[in-house]
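The figures that follow rest on heavy atoms only: side chains count, while hydrogens, waters and symmetry mates do not. In what follows, chains carry the letters A, B, and so on, assigned in the order in which the sequence lines appear, proteins first and then strands, with residues in each chain numbered from 1.
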Number of protein chains: 2
Amino acid sequence: MSKCEQCIVREFSSLKALNKEELLKIADCKSSYIIKKGEPIFEEGENVNGIFCVRDGVCKLSKLSANGKDQIIKLVSKGELLGQRSMISDEPANLSAIALEDMEVCFIPKSEIMPLFNQNNAFSMNVMRAICGDLKEADDHVVDMAQKTVRERLAETLLHLKDTFGTHEDGSLKTQLTREEIGSMIGTATESCIRLLSDFNKSGLIELKGKKIFLKDIKGLKREAE
Amino acid sequence: MSKCEQCIVREFSSLKALNKEELLKIADCKSSYIIKKGEPIFEEGENVNGIFCVRDGVCKLSKLSANGKDQIIKLVSKGELLGQRSMISDEPANLSAIALEDMEVCFIPKSEIMPLFNQNNAFSMNVMRAICGDLKEADDHVVDMAQKTVRERLAETLLHLKDTFGTHEDGSLKTQLTREEIGSMIGTATESCIRLLSDFNKSGLIELKGKKIFLKDIKGLKREAE
DNA sequence: GGAAAAGCATGATAATTATCATAGTTTACG
DNA sequence: CGTAAACTATGATAATTATCATGCTTTTCC
């Protein structure tokens, strides 16, 4: 079993504030999982009782709305933590986490993490800052959803996907999402999403080759996103 | 100057975890303000450098969107804290806080609060839980904005206003908002908001008497909100 | 107390987006 | 390797929402 010390999650997350001793303790009680594409790490309403470290892969955090449609709130990838909010609030998960590709995650039980808040102030502050960052993002997200058109949201989301997850060597977006998933990120019907992608394609802003999406005109897309 | 000990904010916020000594220290360096209706407590982009305790009154937290319209994210009232996120992230305010009625607030400088995170774990955990609560609310808000119609959002918002801020003796909503403000809570044009309120009025779900709004049929409104 | 400003209301019209229908294309998998 | 299922695409139409215009009512403030 690895000792967590070299783990990419430690490098990029709040866990970087942990010392050797604390890491060893965690390494001892963590469990590792392989999650296949399409499978959940946890689901809305479930008691999680710990946090997940994403060692590899990307997942979507989504929530079922009253009308039965899924809304994707956020994508989470390699190096990030999952389930902090539920653990701290001591509540069931508010969102489902579903793998978009095969994933490697570690689970650290609540009983190991909670004492650290008392022992290690730097760690506490890291977690607080991370959650504050999420809160700011969420507030901004509300503004976008409320004030931007679907077209603007699509352009913005494409740019965001490129910035956050990058592109393959050929220039196509790395995150492989279906049209339905893109639709549920921007909060629109799948058909509307497809239609707008076609529009962007026709106006030369993007290029569609099967499932691959190439962003051809970043400036133009930024203009579309306002 | 009051000693904070009996303050309503202490009773309802994260500050309840502070002991006598800590409270006295804070009481010594706090400053009190009267904010008139329509005036800002702080504005988007401003460096706040501390937290505000809302001793009386209600304010809106809002953000200017790219298209020049204001989006109200949240209302904050008596007993709550303001500015925690900016302080912890050490960033300028993401939202503006504007008084909806005359307010009484106290300001506690960052330099007094930050050390408490290290000294008083119960306080730290309270703050974390509060922010986690805000994050959950914000995520749910995103889902509503993305998936519900304006009509559904209006019904939901009216119910929320009643639950959170209550009604006057005559049964009308306590929070006095203009139609424009209600519109910018639900993310719609003022005219659309007015039209839908008229609709609800005609169908007997609510009653409009000047600026006053009476919720006449809670069940019906819940049905409208889905 | 009265003028100006802000707020409320409603009609007409246009733009945006959803829904339903149909069909072609790709992917998964027995 | 071929068939079912999932995904992508597009047209037609309806529903929702925004925008512009106009007039009325209430509030503000000199």
Answer yes or no: is there an ion pair linking [X] with [Y], defined by an N-O contact shorter than 4.0 Å?
| X | Y | value |
| --- | --- | --- |
| A/Asp134 | A/Lys74 | yes |
| A/Glu101 | A/Lys37 | no |
| A/Asp170 | A/Lys212 | yes |

Please list, chain by chain and in numerical order, all residues satisfying salt bridge (charged side-chain N to carboxylate O under 4.0 Å, His left out) with [X], sequence neighbours excluded.
| X | result |
| --- | --- |
| A/Glu191 | none |
| A/Glu181 | A/Lys60 |
| A/Asp102 | none |

Rounding to a whole Å, what distance do you find between [X]:[atom1] and [N]:[atom2]?
| X | N | atom1 | atom2 | answer |
| --- | --- | --- | --- | --- |
| A/Gln147 | C/dT16 | CD | C1' | 15 Å |
| A/Lys148 | D/dA18 | NZ | P | 16 Å |
| B/Glu152 | D/dT17 | CD | C1' | 14 Å |
| A/Leu154 | C/dT17 | CG | P | 11 Å |
| A/Asn67 | D/dT16 | CG | P | 14 Å |

Take atom CD in B/Glu152; do more than 12 heavy atoms of anything else shown fall under 6.0 Å from it?
-> yes
The side chain to side chain contact (heavy atoms under 4.5 Å, CB included) partners of A/Asn67 (sequence neighbours excluded) come to A/Ser65, A/Lys69, B/Gln147, B/Glu226
For B/Glu43, the side chain to side chain contact (heavy atoms under 4.5 Å, CB included) test, sequence neighbours excluded, returns B/Pro40, B/Glu46, B/Ser96
Filtered N/O pairs between nucleotides 2-4 of chain D and protein, under 3.5 Å:
none

| said: Can you tell me if A/Lys69 touches the phosphate of C/dT19, counting only side-chain N or O atoms and a distance under 4.0 Å to OP1 or OP2? | reply: yes
Given protein heavy atoms under 4.0 Å, the one-letter contact record of nucleotides 22-29 of chain C, with B base, S sugar-phosphate only and - none, is simply --------
Sorted by chain and residue number, the side-chain hydrogen bond (donor to acceptor under 3.5 Å, both in side chains) partners of A/Asp90 (sequence neighbours excluded) come out as A/Lys110
With sequence neighbours left out, the residues meeting side-chain hydrogen bond (donor to acceptor under 3.5 Å, both in side chains) with A/Lys63 are A/Asn94, B/Asp140
So the ring pair (Phe, Tyr, Trp, His ring centres under 6.0 Å) pairs with at least one residue in residues 159-217 of chain B (sequence neighbours excluded) are none
Checking A/Lys148, A/Arg151, A/Lys222 against A/Glu156 for side-chain hydrogen bond (donor to acceptor under 3.5 Å, both in side chains), the one that qualifies is A/Lys148
If each end axis of the helix from C/dG1-D/dC30 to C/dG30-D/dC1 is fitted on five C1' pair positions, the angle between them, to 10 degrees, is 50°
The correct set of residues in residues 175-199 of chain B placing a heavy atom under 4.0 Å from DNA chain D is B/Thr188, B/Ala189, B/Glu191, B/Ser192, B/Arg195
